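Contents: one structure, followed by commentary.
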There are 2 protein chains.
Amino acid sequence: MLMFCTMYSLDKTDTKLLQALSDDPRSTFVALADTLGLSRNTVQARMKRLEDSGAFLGFDRRINPAALGYPLTAFIEVHVQQKRLAQIVLDLALIPEIVQAHGMSGQTDLLVRVVCTDAADLFRIDGTILACDGVERTETSLAMGEVIPYRLTPLLDRRG
Amino acid sequence: MLMFCTMYSLDKTDTKLLQALSDDPRSTFVALADTLGLSRNTVQARMKRLEDSGAFLGFDRRINPAALGYPLTAFIEVHVQQKRLAQIVLDLALIPEIVQAHGMSGQTDLLVRVVCTDAADLFRIDGTILACDGVERTETSLAMGEVIPYRLTPLLDRRG
DNA sequence: AAAATAGTGAGCAGAGTGCCCTATTCAGAC
DNA sequence: GTCTGAATAGGGCACTCTGCTCACTATTTT
């Protein structure tokens, strides 16, 4: 397996490992080895490599915000004075309801994902964002539903 | 613990559990019980309740698309003939590079999250979306970076 | 007062983990 | 052809963790 780039490139066996984990995130190394027809040593070695190579993101992503009392998700497009972008990101990071933000190409500078308890809460959060120095305009869109829930399995299947 | 609504409402102990899990997603029940100062039985019971109540989302969300060979993320706003929305969602679900889609309020009908290998790949995927019956227009924005990586800890901390 | 709920502590058989070592296979380098 | 490194398999061992049960104690609800 080659390593020319910094990031380790996953092969088919890794893919199958991830598929098996998607089926059952709690499955043990023994069970994984069994379903994949590999030895336990191999599975453990590969899992360690996957972890070390940054193939896994934070556990936060598996927590359902609705269970925490934030049933609403909204996307807020934020237009800013671009030279202040770095500072604005730091300011936004202080708002706990902002669960994610992407710097974007195109008309919008930032796409911010927000969770909130209700519409009034969203209104308040939007105000907080607008109050940040350098933020010029926001456009809020409420997510009515996750019509395609986050998934990577179709991509995994294609490499299987 | 009260249960007025269908969804189980998390209390402070649950929150601390989730925090501990965020710190170390692989920590065992024994370790969790130790750090929280609870008995192992209690931790196991609470974890089971959390799982049953749907507090955890799919494992997919923890897989880094970049590790799979999809370093680029884009958000595509899709405008559709609204009466065909349901069918369009089914069609979009067949496109593996679409990792998530939200039905939106506001000008945009759908906000689609896409991962791709490069700009040409994104162009191709956008074409595939446009080719779906009932899709009228798309607006693609490439994510230059996740300036605030997905996080729920600030919200967890606030309930701690 | 009785009942439900959450927690504790103890115990136990079985399963899983982390770690070690060795052997084999295989592809690429020399 | 030979060498080397990587991936894998298989064995083994001490230790930990799990799943489960049961009995007991608080606390809260009814």
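Everything numeric in this text was worked out from a predicted model, so none of it was measured. Naming convention: chains lettered A, B, ... in sequence-line order (proteins, then strands); numbering from 1 in each chain.
- The hydrophobic cluster containing A:Val135 also includes A:Leu72, A:Ile76, A:Val78, A:Val80, A:Leu85, A:Ile88, A:Val89, A:Leu92, A:Ile95, A:Ile98, A:Leu110, A:Val112, A:Val114, A:Leu122, A:Ile125, A:Ile129, A:Leu130, A:Leu142, B:Val147, B:Ile148, under a criterion of side-chain heavy atoms closer than 4.5 Å among ILVMFWY residues, counted directly or through chains of members.
- In this structure, A:Phe59 has its ring center closer than 6.0 angstrom to the ring center of B:Phe56.
- Note on A:Arg46: a side-chain N or O is less than 4.0 Å away from OP1 or OP2 of D:dT8.
- In this structure, CZ of A:Arg49 is placed 17 Å from P of D:dG5, rounded to the nearest angstrom.
- The number of heavy atoms from other shown groups lying within 6.0 Å of CD (B:Gln82) does not exceed 12.
- Taking every heavy atom of residues 31-44 of chain A and every atom of DNA chain D, pairs under 4.0 Å involve A:Gly37, A:Leu38, A:Ser39, A:Arg40, A:Asn41, A:Thr42, by number.
- The distance between atom CZ of A:Phe29 and atom C1' of D:dA9, rounded to the nearest whole Å, is 17 Å.
- At distances below 3.5 Å, at least one donor-acceptor pair connects side-chain atoms of A:Thr28 with backbone N or O atoms of A:Ala31.
- Protein atom CG of B:Leu17 is 14 Å distant from nucleotide atom C1' of C:dG7, rounded to whole Å.
- Taking atom NZ of residue A:Lys48 and atom P of nucleotide D:dA7, one finds them 14 Å apart after rounding to whole Å.
- Look at CG on A:Asp14: it is 12 Å from C1' on D:dA7, rounded to the nearest Å.
- As rounded to whole Å, 12 Å separates atom P of D:dT18 from atom CD of B:Glu51.
- Spacing between atom CE of B:Met47 and atom C1' of D:dG19 amounts to 15 Å, rounded to whole angstrom units.
- B:Val99 and B:Leu57 end up in different hydrophobic clusters when Ile, Leu, Val, Met, Phe, Trp and Tyr side chains are linked at under 4.5 Å.
- With hydrogens and angles ignored, the 3.5 Å screen pairs no side-chain donor or acceptor of B:Asp91 with any backbone N or O of B:Cys132.
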